[in-house]
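Here's the structure, in structure tokens; my notes come after.
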Amino acid sequence: MNPETPLRQVRGVGPARARALAAAGLETVLDLLRHVPFRWEDRREVVPVAAAVAGRAATFRGRISEIRRIRTRRRGFSLVRALLADGSGAIPVVWFNQPYLFQQLRDGDEYLLHGAVRERTTEKPAGRELVSPTCESLDRALHGARIAPIYPSLGPGLGPAMLRRLIETVLDDFAPASVPEPLPAELLERHGLPPLGEALLALHRPEGGVELLNERRSPAHGRLIYEELLRLQVSLALLRARETAAPRTLVYRVDDGLRSVVRGLLPFRLTAAQRRVLGEIVADLQGPHPMLRLLQGDVGSGKTLVAALALVVAMESGFQGAFMAPTELLAEQHYATLERLLGDRYRLGLLLGGRSGRGMDAAGLRQRLAAGDIQLAVGTHALIQEGVEFRRLGLAVVDEQHRFGVRQRALLRRKGEATEQPDLLVMTATPIPRTLALTAWGDLAVSTLDELPPGRTPVATELFPARRRHAVYQRVGEELAAGGRVFVVVPLIEETGGSAVASLAEAEERVRAELPGWPCAVLHGRLPAAERARVMQAFAAGEVRVLLATTVVEVGVDVPEAACMVIESAERFGLAQLHQLRGRVGRGARPSRCFALHGRLTAEARRRLAVFARTNDGFEIAEEDLQIRGPGDVLGTRQAGLPALRCARLPEDWAWLERARDDARELLARLPAAEIEALSGMAADAAAAVLNP
Ligand code: ADP
Ligand code: MG
């Protein structure tokens, strides 16, 4: 059967099924064959029932009788029982939650069953039983005594059994050599991989190697994983090449004059890491193409200062700068920091949503920005909205990039003139695990601040069950008595029957009761900007000593005098988020502590909190987070605009990812554009949409 044949021409596929398959993304025979099994059962050896061993899976062949449906008291829970007998003896069989089997199984018919045997303990009589085996009527058994592929369901009407039947039909008339090979032969040779047709056949009708198959280590697996990752890497390399292919039009002035300006502005000596990273950025700014660089550094590593100095380079060269933050609170903070650092020499403006801060009216601000009078615009998404024009945007800095989609980045970039691509520096305090950086960013240029400014003390983190809250707050009280300032962070959750605001008010009451007499203020995202600014100022000035906050304090808030944090219901936060929260303390010379109070813990939450308490290293935390949550969640591949992975899994397939990246680079350098496009596997406009939506 031709791989390009539409599925509706396959025997057994009517219009309705064809539609269901199409809805699952399968149009052709090849699409169907690319839907590969996720598990293989070795049914080559049929075991006599008498020889069944508890604790092991095996294949049996016999007649089924005494089929009973057992009603249970637990709702939504069902049992079907039967007896399986062959020449050697009989064994009870039980299926959990497959009530339809009661209708399907026919008393006295012969079946092939594959499943785990266990010693039963609750049921009388004691003995072995076969638990939820797969079950095939022998006269219909497609796989007889061989290795049976088990397929992931594609939805109603496209369950494992149906898929298997369809794929068998297709394979009955299938020549592996008829499948066009999308990968260059030399790459297959380099990695010792089979051609596509052969790989597919080996997965659907394996001859052996069940263990390798189930561990995804067969050559056929390697082949599909590699292909998928190569396509991804080629797409990324292509996009990046396109984005940075534009010749540089903005010329920056980097000379002694600039150096002395920078020296004059510096509030402290740069760390060695800051100096190195600034050098990397300046080199980009003088390079032949617009910059697209990711600056990653743990919380408190001093990214803002590096960004500010890069912006100075732009402004001294006569360009405007933009600094975009994900939340209003953070934008306000950055504005205050940058104003303090740069305000004597440059004109700054703050743009927040409809309103704007510090007495500037938004319309006036936009006008001054368009006229070039404002040299540095700090703000939120407001910066990339319709109607915001720069006269000559040079460098755009995006803080906490993981909260910005690719789309926002592209929009910011467009604020430059049509012929001028501004330079782009994206920053993140959630270090992107090596694995993900490579997946999501391909070979995006990355700078890393791997050193904290001097005088930092690691935060000592301790976990406490909620019932010890009182003891914890006593220690917090001592910290306050010694002159300290304290963050109390609460998750904002809608308690049953109450509202988020009510749960915050309740938390406030509790904190005030625990810390009587200490000036306390509440900070959350729904406060008006002016009120938020006032609260932050009061806390920074020490008029407020206890700041009760939601996760709005997660990023960027910088009050070095605060050396103590309580996180309430810590189990409700993700690992990366906990680390961000904790990053608000440990910023001054004072030894800092973080108390994480928690309720009942799931195994996963326990692991998360244990990692949190054990390490202060953002990179280690990022890797652990990836292990615990999986890559999709950590980065949100969908948000990043990248295709989801079907076969490949990360970080398990890391080695393949590296090979794919290296090969992609090489291919891009030597294959003609049309072949690259074909390989990228994304339609040209879909690819363009990733970086230029
Ligand atoms: P990040 O954004 O990377 O989390 P910040 O830029 O907010 O970190 O910097 C954290 C704190 O460290 C700020 O108070 C900042 O003023 C201070 N800082 C930055 N660089 C240095 C340095 N080289 N020496 C001393 N303090 C620094
Ligand atoms: Mg920051």
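One-based numbering, in listed order, for ligands and for the atoms of each.
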### N-O pairing of Arg606 and Glu571 below 4.0 Å
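Answer for the salt bridge query: no.
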### Message
Only heavy atoms of Leu305, strictly under 4.0 Å: list the atoms of ligand 1 that pass.
### Response
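Ligand 1 atoms under the 4.0 Å threshold to Leu305: 20 (N).
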### Query
Looking at Thr271, which atoms of ligand 1 are within less than 4.0 Å of one of its heavy atoms?
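Those qualifying, in numeric order: 23 (N).
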### Ring centroid separation Phe539 to Phe487 under 6.0 Å
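Yes.
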### Message
Geometry only, no angles: is Gly302 polar-contacting ligand 1 at N/O separations under 3.5 Å?
### Response
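Yes; at least one N/O pair falls below 3.5 Å.
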### Task
Ignoring angles and geometry beyond distance, decide whether Phe268 reaches within less than 3.5 Å of ligand 1 through its nitrogen or oxygen atoms.
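No - when backbone and side-chain N and O of Phe268 are compared with those of ligand 1, no distance drops under 3.5 Å.
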### Message
With a 3.5 Å distance limit and no angle check, can you tell me whether Arg468 reaches the backbone of Leu597 through a side-chain donor-acceptor pair?
### Response
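Looks like no, no N/O pair under 3.5 Å.
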#### Entry: Gln367, CD: over 12 other non-hydrogen atoms inside 6.0 angstrom
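Atom CD in Gln367 is not crowded, with 12 or fewer foreign heavy atoms closer than 6.0 Å.
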### Task
Calculate, to the nearest 0.5 Å, the distance between atoms CG and CE belonging to Leu348 and Met315 respectively.
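So the gap between those two atoms works out to 6.5 Å.
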### Task
Check the angle between the aromatic planes of His334 and Phe323 and answer parallel, tilted or perpendicular using the 30° and 60° thresholds.
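It falls in the tilted class, 30° to 60°.
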### Task
Report yes or no: does a heavy atom of Ser301 sit under 4.0 Å from some atom of ligand 1?
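Yes.
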### Query
Among the heavy atoms of Asp298, does any lie under 4.0 Å from an atom of ligand 1?
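Under 4.0 Å: yes for Asp298.
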### Query
Using heavy atoms and a threshold below 4.0 Å, how should the contact between Arg269 and ligand 1 be classified: side chain, backbone, both, or neither?
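Only the backbone of Arg269 comes within reach of ligand 1.
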### Query
ligand 1 versus Leu270, non-hydrogen atoms closer than 4.0 Å: side chain, backbone, both, neither?
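Near ligand 1, Leu270 shows its backbone, while the atoms from C-beta on stay back.
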